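Remarks on the structure that follows.
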Amino acid sequence: MAHWLYKSEPDTWSWDQQVARGEAGEHWNGVRNYLARKHLQAMKIGDQGFFYHSNEGKAIVGVVEVIKEYYPDHTDETGRFGMVDLKAIKSLKRPVTLQEIKDDPRLKDMVLVNNMRLSVQPVTDAEWAIILALGGLES
DNA sequence: GCCAACGTTGGC
DNA sequence: GCCAACGTTGGC
């Protein structure tokens, strides 16, 4: 099962809003980048990912899960891009900050460090485990 | 609020 | 198909 990382500006769509959507989840619209699209297309139902707050917070704050696979993004008038639906699974006990990730030599190859601007990123199993261990999951 | 990095667009 | 111009992202 693959792991992912989704970036969102809290002013636009925050973790609290995602949690409030509950089991219904929410569509992850607005991606307009081909590499990010490729990742969206590769996602399977049940894949989990990190929810990252950019600008405000700059930290991984929670875990989401894919509940609907790639389908057209109706907000894209060119018809080129699509989206998946995500639901919140759990919050981290404490956020894992960008600074912390940058400072950890085990995480130096993370896409978040090397290709900061990519809004949907793959996360390796090793990175996934390290960050979960750092943040811990709410029970 | 600045600005570097970088992806996309469009003229040629 | 190249590449300059432009727009956007996101850390600082």
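Per chain, numbering begins at 1; letters A, B, ... match sequence-line order. Everything quoted here is computed from the prediction, not taken from an experiment.
The shortest distance between side-chain heavy atoms of A:Met110 and A:Ile101 falls below 4.5 Å.
Both A:Leu35 and A:Asn55 lie close to DNA chain B; mapped to their nearest nucleotides by heavy-atom distance, the more 5′-ward contact belongs to A:Asn55.
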Check your understanding: How does each nucleotide of nucleotides 1-9 of chain C score, in 5' to 3' order, for protein heavy atoms under 4.0 Å: base (B), sugar-phosphate only (S), or none (-)?
Key -> ------BBB

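Considering every non-hydrogen atom in both A:Leu92 and A:Leu137, the closest pair reads CD2-CD2, 3.8 Å. Taking all atoms of both residues into account, the shortest heavy-atom contact from A:Asp73 to A:Val31 is OD2-N, 4.4 Å.
The only option from A:Tyr71, A:Phe51, A:Phe81 that meets the ring pair (Phe, Tyr, Trp, His ring centres under 6.0 Å) definition with A:Trp28 turns out to be A:Phe51.
With sequence neighbours excluded, the residues satisfying side-chain contact (heavy atoms from CB on, under 4.5 Å) with A:Asn33 are A:Leu35, A:Ala36, A:Leu118.
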